Number of protein chains: 2
Amino acid sequence: MRNKNSIIRLSRYKNALRRLKTMGFGRIFSDNLADAIGVNSCQVRKDFSIFGISGNKRGGYQIDELIEHLNNILGKNIIQHAIIVGAGNIGAALAKYEGFEKDGIRIDAVFEADPLKVNPRADIPVLAADDMIEFIQKNDIRIGIIAVPESAAQQVLDLMVLSGVKGILNFAPIRLRAPRECVVNNVNLVLELENVIYFSNLLEKALEKDAQEA
Amino acid sequence: MRNKNSIIRLSRYKNALRRLKTMGFGRIFSDNLADAIGVNSCQVRKDFSIFGISGNKRGGYQIDELIEHLNNILGKNIIQHAIIVGAGNIGAALAKYEGFEKDGIRIDAVFEADPLKVNPRADIPVLAADDMIEFIQKNDIRIGIIAVPESAAQQVLDLMVLSGVKGILNFAPIRLRAPRECVVNNVNLVLELENVIYFSNLLEKALEKDAQEA
DNA sequence: ACCTTCTTGTGATTTTTTTCACAATAATTA
DNA sequence: TAATTATTGTGAAAAAAATCACAAGAAGGT
Ligand SMILES: NC(=O)c1ccc[n+]([C@@H]2O[C@H](COP(=O)([O-])OP(=O)(O)OC[C@H]3O[C@@H](n4cnc5c(N)ncnc54)[C@H](O)[C@@H]3O)[C@@H](O)[C@H]2O)c1
Ligand SMILES: NC(=O)c1ccc[n+]([C@@H]2O[C@H](COP(=O)([O-])OP(=O)(O)OC[C@H]3O[C@@H](n4cnc5c(N)ncnc54)[C@H](O)[C@@H]3O)[C@@H](O)[C@H]2O)c1
């Protein structure tokens, strides 16, 4: 698919714009915005161009309009409902995170296999894993977050898909198989750290070499 | 930089290989490995080619050799030491995660500004934020994980860099400025979810259209 | 020993993404 | 009102990434 990377940048722009807005800006130019998320200004303009967002020549972009427009594109003009499966370390941390709600994503419930962890009275209710299918169907949930051990992840995905979930964010460090009609995005924190390790080593070597040559 | 994406795939290969090994495989072909991480087989061979990894024509790759080789490239032949800053929801979840240790990454300590959360006796000690600089320097820590609120993140980064940290994984949803000699990798979970939302909406629309046309 | 089959390794090609570069035009100044 | 300046919007160019395609070589069969 074309322009896959643009989408993630649109979210970044939106983020930065909100911050810029609270800082008192009302309008913004492509180069400020570029700077805020660490790309160059024609990237910003190109991204906007692709999605039909336009500004004013010499006047930049109206922040409010821009955020509105971005939310529309990203499907965030309405609140998105999601569930988490697995009330362990990461699942519980995500459930407590207020950043999702701020961004129009509501976590409606957490599902957990261990009866000791079930707690329907919690702020975000922790329900029995067996009730997941029904809950998804009744509440028309489209988005699921997988925070169970590797060994249970595929099974959870299958149940989610069966119940009608269309998009999944998976924290288990394993590739899950999903049918074509369900999007899966993987977050693998070990991988992210390994990446940091590799590039910091590489950089260090490069800088040492530079120093020798100078 | 060239071949940036290859690196993250190398980590994925390593992951998959470990799994394949526990499943009893001793050798592996490029297409199995490709399948395991969801790319196509020439991508695997190309990645290996770039980093000088070679196998046997018609014999595939020896898994043990391959893992060893990948660890060398990724700088994972020795244990990597890291710290976490911020013992909140996400920081605490990361500290408890055993996946890092399994992958040769040791979390030596967590640093926290709130005295009530400090606990030097914990499995992974939670120390006072003020002791961070000294700890990093004494223990020659190169890798840091930022799990503090947005408002404190830049300051924490600056202190880390000052103390000698060369690579940072940042969970705060904000772009941090770092000097050239320090690598920063951002994990933004809201962004990841928004991406899922966007693409699942897109896919649904596309499928509806297909259905109408058919 | 020779043929067949399978799989690697990589140059060539294609596709995707990013960056350049500049015409178009709106705001500002003189 | 005309000249100047700043900024957008986008085709063209460059760079990066993924895929193709096939020669070369090993393993196994006959
Ligand atoms: N904790 C982290 O920081 C971290 C980091 C990266 C990746 N991960 C990954 O996230 C996943 C969860 O990690 P964790 O540390 O939270 O583990 P955890 O063991 O603390 O939590 C997993 C939870 O899932 C529950 N569970 C198991 N099977 C279930 C099922 N079928 N339905 C519902 N609930 C079920 C368990 O009872 C448990 O409460 C793992 O795959 C792990 O590799 C975790
Ligand atoms: N919890 C999540 O699931 C989640 C998800 C995505 C992103 N994040 C991001 O991760 C960061 C932490 O989130 P959280 O939910 O864990 O928040 P939290 O408030 O639970 O934890 C933050 C911790 O950092 C500590 N702290 C503050 N300033 C500090 C400093 N200068 N030095 C050391 N410690 C300091 C606080 O005392 C607190 O314990 C935030 O930036 C958040 O946006 C969290």
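Being a predicted model, the structure only gives us computed values, none of them experimental. All values below come from the heavy atoms of this structure, side chains included, with hydrogens, waters and symmetry mates left out. So that the names make sense, note that chain A is the first sequence line, chain B the second, and so on, each numbered from 1.
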Roughly, in whole Å, what's the span from [atom1] in [X] to [atom2] in [N]?
X: A/N40; N: D/dT7; atom1: CG; atom2: C1'; value: 15 Å
X: A/N5; N: D/dA18; atom1: CG; atom2: P; value: 10 Å
X: B/I7; N: D/dA18; atom1: CD1; atom2: C1'; value: 16 Å
X: B/R45; N: C/dC6; atom1: CZ; atom2: P; value: 15 Å
X: B/K46; N: C/dT14; atom1: NZ; atom2: C1'; value: 12 Å
X: B/K57; N: C/dT8; atom1: NZ; atom2: C1'; value: 5 Å
X: A/M1; N: C/dT14; atom1: CE; atom2: C1'; value: 18 Å
X: B/R27; N: C/dT8; atom1: CZ; atom2: P; value: 10 Å

Phosphate-side-chain proximity, A/S30 and D/dT7, N/O vs OP1/OP2 below 4.0 Å: no
A/R177 atom CZ, over 12 foreign heavy atoms within 6.0 Å: yes
Donor-acceptor contact present, side-chain A/N139 to main-chain A/F135, <3.5 Å: yes
B/R58 vs B/S6, nearer the 5' end of DNA chain D by closest nucleotide: B/S6
Flag for A/Q154-A/D158: side-chain donor and acceptor within less than 3.5 Å: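 A/Q154 and A/D158 do have a side-chain donor-acceptor pair below 3.5 Å.
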Mind checking [X] for me? I need base, sugar-phosphate or nothing, with any heavy atom below 4.0 Å counting as a touch.
X: A/Y61; value: sugar-phosphate
X: B/S41; value: nothing
X: B/R9; value: sugar-phosphate
X: A/N3; value: sugar-phosphate

Test: A/R18 and A/D103 ion pair at under 4.0 Å: yes
Along DNA chain C (nearest heavy atom to each residue), the more 5'-positioned of A/R2 and B/S49: B/S49
Comparing A/G59 and A/Q43 on DNA chain C - which has the more 5′ nearest nucleotide: A/Q43
Atom of A/D47, atom of A/S6 and distance for their closest heavy-atom approach: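 Taking every non-hydrogen atom into account, OD1-OG, 3.1 Å.
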